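Each remark here refers to the structure printed beneath this line.
Model, not experiment: these values are computed from the prediction.
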Amino acid sequence: MEQLVNISKTQVVMAFVATCIETTARTLGVGYKEVYDRMNRVNMIEDYIYPCYETLHAESRENLASNLIECLKTWEEKQ
């Protein structure tokens, strides 16, 4: 019999953040480390992805990647 493992909401959101980074990297054709570094540089993870989890996780991966790329480019231009 399979046993279910309970994980916290924080763990679920952090897994989603990782998915956001990987999906964005795949769409851009670059490594996840580069995308993480770029997002981290503009505080996009803490100021956008993490607090907007409820809205963002409902999007398709294609729409999510497009949204995140647009946001990342916009935030980088403002720096």
Side-chain angles (χ1 to χ4, degrees):
M1 182 172 180
E2 199 172 312
Q3 185 177 3
L4 297 177
V5 176
N6 289 324
I7 61 175
S8 71
K9 169 100 184 236
T10 300
Q11 290 170 309
V12 170
V13 174
M14 293 311 296
F16 176 73
V17 169
T19 298
C20 289
I21 294 166
E22 291 173 4
T23 300
T24 302
R26 192 174 303 116
T27 302
L28 290 173
V30 299
Y32 72 89
K33 177 80 167 96
E34 178 182 332
V35 171
Y36 170 79
D37 289 342
R38 289 173 63 188
M39 287 181 173
N40 194 43
R41 197 172 305 119
V42 296
N43 296 317
M44 192 171 146
I45 296 166
E46 293 82 13
D47 293 343
Y48 182 63
I49 298 173
Y50 193 78
C52 295
Y53 164 76
E54 295 296 333
T55 302
L56 294 173
H57 91 279
E59 293 187 28
S60 70
R61 285 197 184 214
E62 294 80 17
N63 287 342
L64 178 63
S66 177
N67 178 337
L68 293 172
I69 291 166
E70 181 180 342
C71 182
L72 179 58
K73 288 179 180 180
T74 299
W75 287 28
E76 287 176 327
E77 288 173 4
K78 289 182 180 180
Q79 277 198 330

* Asked: Do Met39 and Thr24 touch side chain to side chain, with heavy atoms closer than 4.5 Å?
  -> yes

* Is there a donor-acceptor pair under 3.5 Å between the side chain of Glu59 and the backbone N or O of Asn67? -> no

* Structure fact -> Rounded to the nearest 0.5 Å, the NZ atom of Lys73 sits from the CZ atom of Arg38 at a distance of 7.5 Å

* So, the side chain of Gln11 versus the backbone of Ser8: is there a donor-acceptor pair under 3.5 Å, distance only? -> yes

* Drop me the distance from Met14's CE to Ile49's CD1, to the nearest 0.5 angstrom. => 9.5 Å

* Structure fact -> Quick note, ring-ring contact (aromatic ring centres under 6.0 Å, His included) partners involving residues 5-33, not counting sequence neighbours, are Phe16-Tyr53

* Asked: When rounded to the nearest 0.5 angstrom, what is the spacing between CD1 in Ile21 and CG in Asn40?
  -> 8.5 Å

* Asked: Does atom CD of Gln79 have more than 12 heavy-atom neighbours, drawn from other residues, nucleotides or ligands, at distances under 6.0 Å?
  -> yes

* To do: Following the transitive rule for hydrophobic clusters with a side-chain heavy-atom cut-off under 4.5 Å over Ile, Leu, Val, Met, Phe, Trp and Tyr, establish whether Val12 and Val5 coincide in one cluster.
  => yes

* **Evaluation steps, side chain to side chain contact (heavy atoms under 4.5 Å, CB included), between Leu72 and Tyr48** => CA-CA 10 Å; Leu72 179 58; Tyr48 182 63; over 6 Å; no

* **Salt bridge present between Lys33 and Asp37 (N-O < 4.0 angstrom)** => yes

* Got Tyr50 and Thr10 here, is their nearest side-chain heavy-atom distance under 4.5 Å? -> yes

* To do: Nearest 0.5 Å please: distance from the CD atom of Glu76 over to the SG atom of Cys71.
  => 10.0 Å

* Evaluate side chain to side chain contact (heavy atoms under 4.5 Å, CB included) for Val42 paired with Lys78, printing each intermediate quantity in order. => CA-CA 9 Å; Val42 296; Lys78 289 182 180 180; over 6 Å; no

* **Student check: side-chain heavy atoms of Thr27 and Arg61 closer than 4.5 Å** => no

